[in-house]
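When a residue number appears, it is its place in the shown sequence, counting from 1. These numbers come from a predicted model, not from an experiment.
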Amino acid sequence: MPHIERMRSRARVAAFTLAAVAVLSWAAPAAAAPAYPKPSGRCVDETGVIGDDRCTMITRALLRDEKATSDEIAVAIVPTTGDKSIEAWSTGLFNSWGVGKKDKNNGVLLVVAVDDHRVRLETGRGVTKRLTDREAKAIVDDVVTPRFAEEDYLHGVLAGLDEVRRELGHSIPADALLETLGEPADDEEQFSPAYIVDDADSGDDGSGSAWGVVIVVVAGIGLLLALVTRASRGGSPGWARSVTRSGSAHHTAWVGGSTDTSASSFGSSSGSSFGGGSSDGGSGASGSW
């Protein structure tokens with residue numbers, strides 16, 4: 001009898017344990033899908049694996065490309081898509097941002113969920129003939145994820161974006177982003193503006209520089225007088241502070257005469273206005289590493 005009673009007691013404990021596990025499993029919700037990040041430029045990194053400086057450079061390159069082709073390409077790097085599949089979350093982000101021109105649906109969005117080890121290349125219907133699902137899958141599997149597997153997120157993203165642009169038919173040199181963005185952001189020589197000319201190489205004897213200084217001084221005095229005159233008449237001098245966000249950092253610039261911070265000024269990271277494109281989620285490719 002004591003033996004039977006012990007067996008009954010153990011059975012009751014086991015039943016209670018199973019019931020408790022079931023209740024806890026039912027009560028504990030899955031991690032909710034994170035909110036969509038705000039579009040700041042054409043690159044958003046909420047994880048820091050690429051960083052704000054790199055994202056700013058990627059934005060500049062993609063906006064230059066966009067100005068020449070009208071195709072809109074963007075990348076979002078997030079920790080996780082939570083309880084949503086990367087396909088569903090990427091489609092939602094694509095439509096929330098409106099990637100691509102509204103009348104063309106020529107947008108492409110690369111989404112990287114670092115903690116999930118998942119990646120999605122979402123395409124608008126307007127580019128599917130130039131960037132087919134098979135080609136998108138090849139980019140994900142052969143170009144992007146092998147680098148991600150080595151935790152080389154920067155070069156995985158850059159190489160993937162280069163290949164996307166190449167498949168779209170854009171006229172770019174081989175490994176364009178890899179070559180222009182492969183060095184550290186503080187490499188001043190590589191990223192110095194193209195319009196800066198070394199006097200020693202230009203053959204300038206110094207007189208041109210002197211006249212340049214005179215012109216700048218005269219122009220500055222004229223601008224100052226104009227601002228003072230406008231202010232004395234009760235008008236605003238028209239200087240506004242433009243604050244943009246790239247990842248976790250804020251970039252502040254002073255814009256004279258206008259508060260327009262649209263994507264047309266691709267020299268900064270403020271290009272956050274997309275063209276209103278959309279995706280039905282049926283085009284693109286996903287992968288993991």
Side-chain angles (χ1 to χ4, degrees), residues 17-52 54-56 58-59 72-100 102 105 107-125 133 136-137 139-141 144-145 147-149 151-154 156-157 160-161 164 243-251 269 271-289:
T17 302
L18 290 174
V21 170
V23 169
L24 290 174
S25 299
W26 174 81
Y36 299 131
K38 295 185 181 299
S40 54
R42 294 296 184 261
C43 175
V44 173
D45 178 11
E46 293 195 327
T47 67
V49 297
I50 285 183
D52 296 335
R54 300 295 190 188
C55 266
T56 298
I58 290 172
T59 289
E72 295 184 359
I73 304 172
V75 55
I77 306 171
V78 297
T80 179
T81 61
D83 59 357
K84 276 192 175 182
S85 67
I86 194 168
E87 291 81 10
W89 197 85
S90 297
T91 300
L93 179 63
F94 192 110
N95 293 331
S96 174
W97 283 2
V99 184
K102 188 174 183 179
N105 276 334
V108 178
L109 175 63
L110 177 65
V111 175
V112 182
V114 176
D115 294 344
D116 300 338
H117 294 271
R118 293 284 289 166
V119 60
R120 171 73 177 172
L121 191 59
E122 186 97 3
T123 58
R125 286 294 185 184
D133 291 352
K137 183 65 173 172
I139 293 173
V140 169
D141 291 346
V144 176
T145 56
R147 289 174 170 86
F148 286 179
E151 297 187 355
D152 187 358
Y153 296 101
L154 173 62
V157 168
L161 293 176
V164 165
V243 181
T244 59
R245 178 170 178 166
S246 176
S248 60
H250 290 76
H251 304 278
S269 60
S272 59
S273 58
F274 289 93
S278 62
S279 170
D280 58 12
S283 303
S286 304
S288 58
W289 68 94

(request) Decide yes or no for Leu110 and Val164: does some side-chain heavy atom of the first lie under 4.5 Å from some side-chain heavy atom of the second? (result) no
(request) Compare all side-chain heavy atoms of Ile77 with those of Val157 and state whether any distance is below 4.5 angstrom. (result) yes
(request) Please report the shortest heavy-atom distance between Phe148 and Val119, naming the atom on each side. (result) CE1-CG2, 4.2 Å
(message) Ser278: which residues meet the side chain to side chain contact (heavy atoms under 4.5 Å, CB included) condition with it, sequence neighbours left out?
(response) Asn95, Asn105
(message) Any heavy-atom pair between the side chains of Thr145 and Val140 that's under 4.5 Å?
(response) yes
(message) Does anything in residues 280-289 form a salt bridge (charged side-chain N to carboxylate O under 4.0 Å, His left out)? List the pairs, not counting sequence neighbours.
(response) Arg125-Asp280
(message) On a heavy-atom basis, which atom in Gly281 and which in Arg120 lie closest, and how many Å separate them?
(response) O-NH2, 3.6 Å
(request) Search all heavy atoms of Ser286 against all heavy atoms of Ile86 and return the closest pair with its distance. (result) OG-CG2, 4.2 Å
(request) With sequence neighbours excluded, tell me which residues meet salt bridge (Lys or Arg N to Asp or Glu O under 4.0 Å) with Asp141. (result) Lys137
(request) Might you point out which heavy atoms bring Trp289 and Ala113 nearest each other, and give the distance in Å? (result) CH2-O, 3.6 Å
(message) Do Asp45 and Tyr153 have side chains that approach each other closer than 4.5 Å (heavy atoms only, starting at C-beta)?
(response) no
(message) Quick check: do Trp97 and Val44 have side-chain heavy atoms less than 4.5 Å from each other?
(response) yes
(message) Could you tell me if the side chain of Asp133 sits less than 4.5 Å from the side chain of Ser283, heavy atoms only?
(response) yes
(request) Taking only Lys NZ, Arg NE, NH1 and NH2, and the carboxylate oxygens of Asp or Glu, determine whether Glu87 and Arg118 approach each other closer than 4.0 Å. (result) yes
